[in-house]
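Each remark here refers to the structure printed beneath this line.
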Amino acid sequence: MSITIPVQNITRKSLIYKSGLGFYCVNHAQGCSHGCRYPCYAFSMAGRYGRSAGYDDWCRPKLVANAPALLDKELPKLKKKLGVSADADEFRIHLCLTTDPFMVGWPEIRAMSLRIVEKINAAGLTCDILTKGILPRELAGPAFNKKNRYGISIVSLDEDFRKRWEPGAAPYADRIGALRYLHDRGFPTYAHIEPYPTPNIFKQDIAALVNAVAFVDSLYFGGWNYSTAAEKYPDRTAFYEEQSRIVKALCRKHNIECEM
Ligand code: SF4
């Protein structure tokens, strides 16, 4: 019998912000139960700025309980600032950059994420959602904009790799299955293959991974950063050049938009 731990609530003064990467984001949780050990950049930053007391604390997320109220205030202001009309649907808000909107084992965060996407869509804007969890089937429902983009972050198909490096995240087959479900219902989908491991971290076949998600519309491929193990791999540059060539060729074959 599994025991569900109730999520701890926090409040924030603001929610939507423009990231250093140039797009608007919503992070309505602090921490992430997926506990990635690549390491996770968001975890490193949380530690540096006093928002996490360590790995165990990070893996027990806190929910921003006033997120819907903040959105009600901020969405009209954002639309006014951007000059986005009521029926504009080309402007996307990203969920999430410093946490995961559909993290495994936290139903309150899952429910809040759906509520947030619904509110953003009701305001005439679309969402770009990236997860290492399970994308809910509800996202295919009538409350959600057909131009929402749904994505999974995936760097392997091997469950031993997942247990070592993304211990709390969803199994790969479930992640892909949930994305496929939304793709089959006409939603734009993407795969984020980063951080892809060097062979001294984990040896695998990039072609098998790309082929497993070959139904997506777009794909991003990137290397393994912030790790001395990856930096020490002697043929790192040549390795990533070779993997990039394989990814590009497969993207051409499957008509996938490719970014690196
Ligand atoms: S899923 Fe993302 S935010 Fe969560 S621990 Fe992993 S890298 Fe960090």
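We count ligands from 1, going down the list as the structure has it; atoms in each ligand are counted the same way.
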- Ser218 side chain vs Glu257 backbone, donor-acceptor pair below 3.5 Å: no
- Task: Measure from the ring center of Tyr196 to the ring center of Phe221 and say whether it is less than 6.0 Å.
- Result: yes
- Message: Just to be sure I'm reading this right: ignoring hydrogens, which of Met103, Lys132, Glu166 gets closest to atom 2 (Fe) of ligand 1? Compare them by their nearest heavy atoms.
- Response: Lys132
- atom 8 (Fe) of ligand 1 to nearest N/O/S of Cys40 below 2.8 Å: yes
- Tell me which protein heavy atom sits closest to atom 4 (Fe) of ligand 1, plus the residue, atom name and distance to 0.1 Å. Cys32 SG, 2.3 Å
- Message: Need the ligand 1 atom indices (1-based, order shown) with element for anything under 4.0 Å from a heavy-atom of Trp58.
- Response: 5 (S)
- Message: I need the nearest protein heavy-atom contact for atom 6 (Fe) of ligand 1: residue, atom name and distance, please.
- Response: Cys36 SG, 2.3 Å
- Per-residue contact class, Phe43 against ligand 1 - non-hydrogen pairs under 4.0 Å: neither
- Task: Examine His34 and say whether one of its N/O/S atoms is closer to atom 4 (Fe) of ligand 1 than 2.8 Å.
- Result: no
- Val64 versus Ala29, closest heavy-atom pair with distance: CG2-N, 4.0 Å
- Task: Kindly say whether Leu179 contributes a backbone atom to a donor-acceptor pair with the side chain of Thr189 at under 3.5 angstrom?
- Result: no
- Message: Using a 4.0 Å cut-off to any heavy atom of Gly35, which atoms of ligand 1 qualify?
- Response: 5 (S)
- Query: Short question: side chain of Asn27, backbone of Thr98 - any donor-acceptor pair under 3.5 Å?
  - Reply: yes
- Note on the structure: On a heavy-atom basis, the closest approach of Leu95 and His28 is CD2-CE1, 3.8 Å
